[in-house]
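Single-structure report; data block below.
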Amino acid sequence: MVSMAGKRTTTAEQVEQVEQVEQVEGTEEAEKAGGRQAVRSVPRGFGLTANGYGSLSRQFPSTPRGVRLARRTVVRQLGHWGFGPLTDATCAVALVVGELAANAVCHGRLRGRDFHVRVDYEGPVSRFRIEVSDAVLGRTPEDPKLPPEDQESGRGLFLVECLASRWGWEPRNPIGKTVWAEVAAAWPQGARPA
């Protein structure tokens, strides 16, 4: 048997590495640091555009841990966009991402396939569009209804419908489906362009 050398990095480690890679070069900060490269606390290019748009697109493993990573990654990105972790917008988006990702893992999981999360913020219309894609087209979302009180699951799409102004699904090319939701959200403090 041949052993493989090297370290396997997980999705969470890769996210942290990307955030730490952004370095300041050729600026006053680098000169003040004695020629050393200083690491910024907030990565460049992660904020909203001048017009108030932002986008996040990542793949996660189809496991409960992948759902948790997706939710945490989205909350962190919303922080870079100016939405605090406890704002109504962040809590609503995190809940919708968590529920749609959990459905993708429970009902849309195929061995060896990840699920994909995309979150777009459209500042001019104060709206988030959340898309979660999986690899199974056969199981499409049904109309949300409250299950009996003694049933432990089945409330995810009901919560999504309560928080989202619109939601739906569409086939994904080449395989699978995308479930999407739109959540209304005001501009974050200080993010509105002049």
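Model, not experiment: these values are computed from the prediction.
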Next on the checklist: Are the side chains of V119 and V117 in contact, using a 4.5 Å heavy-atom criterion?
Outcome noted: yes
So CG of L163 and SG of C91: to nearest 0.5 Å the spacing works out to 10.0 Å
- Query: So if you build clusters from Ile, Leu, Val, Met, Phe, Trp, Tyr with side-chain heavy-atom gaps below 4.5 Å, do W180 and L95 land together?
  - Reply: no
When rounded to the nearest 0.5 Å, the distance separating CH2 of W169 from CG of N103 is 14.0 Å
Query raised in the report: Any side-chain heavy atom of R118 within less than 4.5 Å of one from D120?
Result: yes
Here the pair of heavy atoms bringing W81 nearest to S55 is CZ2-N, 3.2 Å
Side chain to side chain contact (heavy atoms under 4.5 Å, CB included) with F60: of L69, D114, V132, only one passes, and it is L69
Self-check item: Electrostatic pair R129-E131, nearest N-O below 4.0 angstrom
Solution: yes
Donor-acceptor pair, T87 side chain versus G84 backbone, under 3.5 Å?
yes
Q. Less than 4.5 Å apart, any side-chain heavy atom of L56 and any of R58?
A. yes
Self-check item: Beyond-backbone contact of L100 with L157, side-chain heavy atoms, under 4.5 angstrom
Solution: yes
Check your understanding: Is there a path from W167 to I130 through hydrophobic residues (I, L, V, M, F, W, Y) whose side chains come within less than 4.5 Å of each other?
Key -> yes
Note: P64 and V105 closest approach over all heavy atoms is N-CG1, 4.3 Å
P124 and Y53, any side-chain heavy atoms less than 4.5 Å apart: yes
- Query: Do the side chains of V75 and L78 get nearer than 4.5 Å, heavy atoms only?
  - Reply: no
Checklist entry - Has R72 got more than 12 heavy atoms of other residues, nucleotides or ligands less than 6.0 Å from its CZ? => result no
Closest heavy-atom pair, H116 versus S57, reported as atoms and distance to 0.1 Å, is NE2-OG, 2.7 Å
May I ask you to say whether D134 pairs ionically with K177, meaning some side-chain N is under 4.0 Å from a carboxylate O? yes
Tightest non-hydrogen contact, residues G123 and Y121, listed as CA-CE2, 3.5 Å
Heavy-atom nearest pair, I175 first then A135, reads CD1-CB, 4.0 Å
Heavy-atom nearest pair, A92 first then V183, reads CB-CG1, 4.0 Å
